[in-house]
A.B. asks: 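Here's a structure for you.
Note that the coordinates shown come from a computational prediction; the quantities given were computed from them, not determined experimentally.
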Amino acid sequence: MVSSPHEAMHRIFQEYPGLFSRVSEVLGVNIPTPTSATVLATDLTENSPVERRVDTLLRIETQDDGPFLLAIEAQGKKDPRKTASWPYYVSYLHNRYGALPVLLLVVCQDHATAQWAARPITIGLRQWQTLTLNPLVAGPHNMPVIKNVAEARKDLALATLAAITHADNPDVDAILKTLSAALRDTPESIAEPIAELIAQGLGNRPAAQQWRNLVAVDTSFYKSFMSEEIRDEGRAQGRAEGLLLILEARGIAVTDELRQKISTCADPQLLHRWLHRATTATTAEEVFAEDR
């Protein structure tokens with residue numbers, strides 16, 4: 001199953017097609033300045049039972065050097081199958097789009113995967129390589145650690161990708177606080193997709209909760225799925241605390257197991273049912289009878 005971080009690492013280039021121009025500068029590669037970018041279909045399947053899809057595919061137009069294709073792969077871990085699929089992607093795209101130049105960008109969140117992805121992939125004999133693929137890799141080893149608000153505001157798309165690639169950085173708290181501060185007073189149409197991409201990119205890491213807390217400071221600003229999730233969490237937390245108070249006031253003993261069950265419940269409707277029962281129950285069993 002595709003993970004949220006995987007989606008965020010390549011979808012950001014669909015949201016901000018011009019982002020690659022700044023990423024290439026960070027990576028020290030002199031790519032012509034794009035004049036436009038078009039999101040293309042990612043299906044690379046031919047008339048065969050094998051389905052092949054690149055994560056994101058862009059057609060980049062430049063003023064002086066003509067167009068090229070940018071294939072973006074989000075890579076969460078080492079995958080030996082990529083040594084076969086990546087050369088196929090590049091060769092197929094080169095042929096399908098009239099011999100346009102093809103560049104493969106791999107986005108990673110850990111050093112080991114980035115180092116693995118950057119290795120040249122060769123096809124041929126030991127004595128003579130017929131084809132050599134050199135992926136361009138963006139990851140924690142070469143993306144900037146942005147902890148300056150002015151720097152983040154200067155290029156929010158790059159700051160977002162940098163934060164995603166540094167999801168496991170020990171300073172991720174400072175990185176997220178910087179980005180959150182940079183989003184203040186930013187138009188909703190700009191801030192909302194960034195907030196969602198960061199939430200996706202952090203996945204189930206502990207830093208994800210910090211990001212939710214930072215965004216929740218002004219939940220009226222965010223109307224996306226993430227803000228609804230934050231509001232649900234807030235309602236659940238409030239009802240859990242209220243339930244524990246009612247049980248205590250009625251003299252109903254709460255075991256550590258039940259306290260954990262109440263505190264970790266994220267379903268506001270279930271907590272509401274427990275609250276309703278607790279107002280008349282005389283034992284904990286009456287409150288949680290059908291849920292055990």
A.B. asks: Which residues satisfy the side chain to side chain contact (heavy atoms under 4.5 Å, CB included) test with Ile123, sequence neighbours excluded?
C.D. replies: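 Pro87, Leu131.
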
A.B. asks: Provide the full list of salt bridge (Lys or Arg N to Asp or Glu O under 4.0 Å) pairs with a residue in residues 120-140, sequence neighbours left out, each pair given once.
C.D. replies: none

A.B. asks: Quick one: are Trp116 and Gln75 in side-chain contact, heavy atoms under 4.5 Å?
C.D. replies: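 Touching, per the 4.5 Å side-chain cut-off.
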
A.B. asks: Applying side chain to side chain contact (heavy atoms under 4.5 Å, CB included), can you list everything that pairs with Pro144, at least two apart in sequence or on another chain?
C.D. replies: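 Applying side chain to side chain contact (heavy atoms under 4.5 Å, CB included) to Pro144 gives Val26, Ile146, Ala162.
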
A.B. asks: What side-chain hydrogen bond (donor to acceptor under 3.5 Å, both in side chains) pairs are there with at least one residue in residues 141-154, not counting sequence neighbours?
C.D. replies: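 Checked against side-chain hydrogen bond (donor to acceptor under 3.5 Å, both in side chains) - neighbours excluded - the pairs reaching residues 141-154 are Lys147-Asp171.
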
A.B. asks: Using the test side-chain hydrogen bond (donor to acceptor under 3.5 Å, both in side chains), find all partners of Trp86 that sit at least two apart in sequence or belong to another chain.
C.D. replies: Glu73

A.B. asks: By side-chain hydrogen bond (donor to acceptor under 3.5 Å, both in side chains), which residues pair with Arg259, not counting sequence neighbours?
C.D. replies: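 Arg259 satisfies side-chain hydrogen bond (donor to acceptor under 3.5 Å, both in side chains) with no other residue.
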
A.B. asks: Could you pull out all residues at least two apart from Thr122 that satisfy side chain to side chain contact (heavy atoms under 4.5 Å, CB included)?
C.D. replies: Gln129, Thr132

A.B. asks: Does a side-chain heavy-atom distance below 4.5 Å link Leu158 with Leu19?
C.D. replies: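 Yes, their side chains come closer than 4.5 Å.
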
A.B. asks: Indicate yes or no for a side-chain donor-acceptor contact from Thr264 to the backbone of Gln260 under 3.5 Å, with no hydrogens or angles considered.
C.D. replies: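 At least one qualifying donor-acceptor pair exists.
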
A.B. asks: Using the test side chain to side chain contact (heavy atoms under 4.5 Å, CB included), find all partners of Thr83 that sit at least two apart in sequence or belong to another chain.
C.D. replies: Ile121

A.B. asks: Leu40, Val102: one ILVMFWY side-chain cluster at the under-4.5 Å cut-off?
C.D. replies: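 Linked, Leu40 and Val102 end up in one cluster.
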
A.B. asks: Within the structure provided, determine whether Leu58 and Phe13 are in side-chain contact (heavy-atom separation under 4.5 Å).
C.D. replies: yes

A.B. asks: Please, which pairs that meet salt bridge (Lys or Arg N to Asp or Glu O under 4.0 Å) have at least one residue in residues 99-109, sequence neighbours excluded?
C.D. replies: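 For residues 99-109, and leaving out neighbouring residues, there are no salt bridge (Lys or Arg N to Asp or Glu O under 4.0 Å) pairs at all.
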
A.B. asks: Could you tell me if the side chain of Val29 sits less than 4.5 Å from the side chain of Val23, heavy atoms only?
C.D. replies: no

A.B. asks: So, using side-chain hydrogen bond (donor to acceptor under 3.5 Å, both in side chains) as the criterion, who are the partners of Gln210 when residues are at least two apart?
C.D. replies: none

A.B. asks: Are Ile164 and Val145 connected in a single hydrophobic cluster, I mean Ile/Leu/Val/Met/Phe/Trp/Tyr linked by side-chain heavy atoms less than 4.5 Å apart?
C.D. replies: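 Result: no, two separate clusters.
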
A.B. asks: Name all pairs fulfilling the salt bridge (Lys or Arg N to Asp or Glu O under 4.0 Å) condition that reach into residues 98-115, sequence neighbours left out, sorted by first residue then second.
C.D. replies: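 Found none.
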
A.B. asks: Would you indicate whether the side-chain heavy atoms of Lys82 and Tyr88 approach each other to under 4.5 Å?
C.D. replies: no

A.B. asks: Using the side-chain hydrogen bond (donor to acceptor under 3.5 Å, both in side chains) rule, collect all pairs that involve residues 12-21, keeping only residues at least two apart or in two chains.
C.D. replies: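 Residue pairs passing side-chain hydrogen bond (donor to acceptor under 3.5 Å, both in side chains), neighbours aside: Arg11-Glu15, Gln14-Thr56.
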
